[in-house]
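The structure under discussion appears below in the form of structure tokens.
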Amino acid sequence: MTTDARILILGGTPEARQLALLLQARAPAPDQVILSFAGAVRDLPETSCEIRVGGFGGAEGLADYLLSRKITALVDATHPFAASISANAQAASSATGIPLLRLLRPAWAPMQGDDWTDCANSAAALEALPASCRPFLALGRQELRQIFSKAAHLPALFRSIEPADFPIPEGWRWIEGRPARSMTAELQLLRDAGITHMVTKNSGGDGAYQKIAAARALQIPMLMVSRPAEPAQAVLPDAEATCDALMAIFTTRS
Ligand code: NAP
């Protein structure tokens with residue numbers, strides 16, 4: 001990577017952090033890789049690259065940032081369900097001419113043994129729950145804040161990294177934390193809580209997959225929220241492929 005290359009990674013995913021590490025190893029100077037977070041979660045990863053936190057102020061704000069920091073390539077490595085920032089990245093890239101790459105991990109697909117129903121969005125998934133059930137709402141706190149009333153009558157379990165910022169319905173149970181990395185832990189959680197249904201987003205990746213495997217093993221029906229539509233563009237499935245594509249851009253230019 002040449003000294004004039006400067007890459008902004010829109011992050012909030014493990015893949016964004018992996019890409020930052022890969023690029024950092026190739027960058028002559030530490031300020032050539034900037035990893036950006038929305039600021040929704042407090043514990044940020046330790047990294048030697050530059051970190052910035054907080055929104056840019058829409059597509060225009062992002063375009064201004066790209067120009068003022070002399071960014072030469074933008075990578076949208078945000079979560080598949082973070083639709084606003086992806087649209088802003090597309091608009092800012094078009095407005096500035098700065099190339100945009102989309103790192104998007106593949107979606108999960110149902111496997112033999114899954115009882116899986118695709119739902120257009122989280123609200124539709126909650127509405128599809130039977131009148132009497134004990135669901136695990138694996139949806140995230142910000143999402144639930146908008147729609148929790150649709151499942152307020154059910155004895156639901158939900159898990160989030162940060163505490164809920166909405167009034168938790170009386171029959172609900174909240175547990176703090178990230179998805180467990182071990183299937184045994186997820187099996188135990190589902191069994192102990194007597195879960196009969198799971199509502200989850202099709203996030204893809206390994207980090208949150210063990211709950212899917214556990215639901216399959218326990219034959220728990222899954223209401224799977226489909227990903228929002230992405231702006232039309234080529235996607236790169238992982239950090240390695242994105243790093244290679246960036247190197248190809250910089251090699252062509254030099
Ligand atoms: P969103 O709806 O697409 O974004 C809302 C606003 O947050 C954006 O318009 C932007 O503000 C700011 N923003 C989002 N990502 C940013 C980033 N990486 N750097 C700086 N500003 C950012 O996104 P969301 O669904 O709220 O998710 C927020 C962040 O959490 C994303 O970075 C995403 O990767 C991560 N995340 C999301 C989910 C999920 O299920 N949605 C799950 C895990 C992690 P401005 O318009 O002011 O620039």
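Counting begins at 1 with the first residue of the sequence.
Trp108 and Phe81 fall into different hydrophobic clusters, where Ile, Leu, Val, Met, Phe, Trp and Tyr residues are linked whenever their side-chain heavy atoms come under 4.5 Å apart, directly or through other members. Hydrophobic clustering, with ILVMFWY side chains joined whenever heavy atoms are under 4.5 angstrom apart, keeps Phe166 apart from Ile175. Val225 is not connected to Trp116 by any chain of hydrophobic side-chain contacts under 4.5 Å among Ile, Leu, Val, Met, Phe, Trp and Tyr, and they are in different clusters. In the hydrophobic clustering of ILVMFWY residues, with side-chain heavy atoms under 4.5 Å counting as a link, Leu100 and Ile98 come out together. Hydrophobic clustering of Ile, Leu, Val, Met, Phe, Trp and Tyr side chains at less than 4.5 Å, counting indirect connections, keeps Ile220 apart from Leu154.
For Ala92 against Ala63, the heavy-atom pair with the smallest separation is CB-N, 3.8 Å. The heavy-atom pair separating Pro237 from Pro106 by the smallest distance is O-CD, 3.9 Å. Scanning all heavy atoms of the two residues, the minimum distance from Trp174 to Pro163 falls at CZ2-CA, 3.5 Å. Minimum heavy-atom separation, Leu35 to Gly11: CD1-CA, 4.2 Å. Of all non-hydrogen atoms in Cys49 and Ala20, the two that sit nearest each other are SG-CB, 4.1 Å.
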Please list every donor-acceptor pair under 3.5 Å in which a side-chain atom of residues 189-200 meets a protein atom from a residue at least two apart or in another chain.
from: Thr196; atom 1: OG1; to: Arg134; atom 2: N; distance (Å): 2.8
from: Thr196; atom 1: OG1; to: Arg134; atom 2: O; distance (Å): 3.4

Enumerate donor-acceptor pairs with a distance under 3.5 Å from any side-chain N or O in residues 82-89 to protein atoms, sequence neighbours excluded.
from: Ser86; atom 1: OG; to: Asp76; atom 2: OD2; distance (Å): 2.7
from: Ser86; atom 1: OG; to: Thr78; atom 2: OG1; distance (Å): 3.4
from: Ser86; atom 1: OG; to: Ala82; atom 2: O; distance (Å): 3.3

Please output the side-chain donor-acceptor pairs of residues 238-248 that fall under 3.5 Å, not counting sequence neighbours, one pair per line with the distance.
from: Asp238; atom 1: OD1; to: Glu240; atom 2: N; distance (Å): 3.4
from: Asp238; atom 1: OD1; to: Ala241; atom 2: N; distance (Å): 2.9
from: Thr242; atom 1: OG1; to: Asp238; atom 2: O; distance (Å): 2.7

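Put simply, OG1 on Thr3 and CD on Gln32 are 6.5 Å apart, with the number rounded to the nearest 0.5 Å. Rounded to the nearest 0.5 angstrom, Ile249 CD1 and Thr72 OG1 are separated by 8.5 Å. The CG atom of Asp115 sits 7.5 Å away from atom CE of Met222, with the distance rounded to the nearest 0.5 Å. Taking CZ of Arg141 as the reference point, atom CD of Glu176 lies at 11.0 Å (rounded to 0.5 Å). Note that CG of Leu8 is 5.0 Å distant from CZ of Phe56, once rounded to the nearest 0.5 Å. With rounding to the nearest 0.5 angstrom, the CZ atom of Arg102 is 13.0 Å from the OG atom of Ser93.
Considering only residues two or more places apart in sequence or on other chains, Ala156 meets the side chain to side chain contact (heavy atoms under 4.5 Å, CB included) condition with Pro135, Leu137, Trp172. Listed by chain and residue number, Met183, Glu186, Ala213 satisfy the side chain to side chain contact (heavy atoms under 4.5 Å, CB included) test with Gln210 (two or more places apart in sequence, or in another chain). Under the rule for a side chain to side chain contact (heavy atoms under 4.5 Å, CB included), the partners of Ala128 that lie at least two apart in sequence or sit in another chain are Leu223. Partners of Ala131 by side chain to side chain contact (heavy atoms under 4.5 Å, CB included), not counting sequence neighbours: none found. Evaluation of the salt bridge (charged side-chain N to carboxylate O under 4.0 Å, His left out) rule for Glu60 yields no partner, not counting sequence neighbours.
The shortest side-chain heavy-atom distance between Phe250 and Ile7 falls under the 4.5 Å cut-off. Here the side chains of Phe158 and Leu139 are not in contact, with every heavy-atom distance at 4.5 Å or above. By the 4.5 Å heavy-atom criterion applied to side chains, Tyr209 and Pro179 are not counted as neighbours. Counting heavy atoms from C-beta on, the side chains of Arg159 and Phe136 come closer than 4.5 Å. Between Ile147 and Asn121, every side-chain heavy-atom pair lies at or beyond the 4.5 Å cut-off. A 4.5 Å side-chain heavy-atom check between Arg105 and Ser203 finds at least one atom pair inside the cut-off.
Remark: side-chain polar atoms of Asn202 are not paired, donor with acceptor, to backbone N or O of Arg227 under 3.5 angstrom.
Among residues at least two apart or in separate chains, there is no ring pair (Phe, Tyr, Trp, His ring centres under 6.0 Å) pair with a member in residues 11-34. The salt bridge (charged side-chain N to carboxylate O under 4.0 Å, His left out) analysis of residues 84-100, with sequence neighbours excluded, yields no pairs. Pairs passing the salt bridge (charged side-chain N to carboxylate O under 4.0 Å, His left out) check and including a residue from residues 193-213, sequence neighbours excluded, read Glu143-Lys201.
With side-chain heavy atoms closer than 4.5 Å counting as contact, directly or through intermediates, Leu22 stands alone and belongs to no larger hydrophobic cluster.
Annotation: cation-pi geometry satisfied between Arg52 and Tyr65 (NZ/CZ under 6.0 angstrom from ring centroid, within 45° of ring axis).
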>> For a side-chain contact (heavy atoms from CB on, under 4.5 Å) check, start with the C-alpha distance between Leu74 and Thr96, then their side-chain angles and the critical distance, and finish with the verdict.
In response: CA-CA 11 Å; Leu74 172 64; Thr96 57; over 6 Å; no

>> Pair Asp31, Arg6 - check salt bridge (charged side-chain N to carboxylate O under 4.0 Å, His left out), show working.
In response: CA-CA 8 Å; Asp31 66 348; Arg6 183 167 282 124; 3.2 Å; yes

>> Assess the residue pair Met224 and Ile212 against the criterion (side-chain contact (heavy atoms from CB on, under 4.5 Å)); give the C-alpha distance rounded to whole Å, side-chain angles, the decisive distance to 0.1 Å, and a yes or no.
In response: CA-CA 10 Å; Met224 185 66 68; Ile212 308 292; 3.8 Å; yes

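Counting non-hydrogen atoms of neighbouring residues, nucleotides and ligands closer than 6.0 angstrom, the CD atom of Gln146 exceeds 12 such neighbours.
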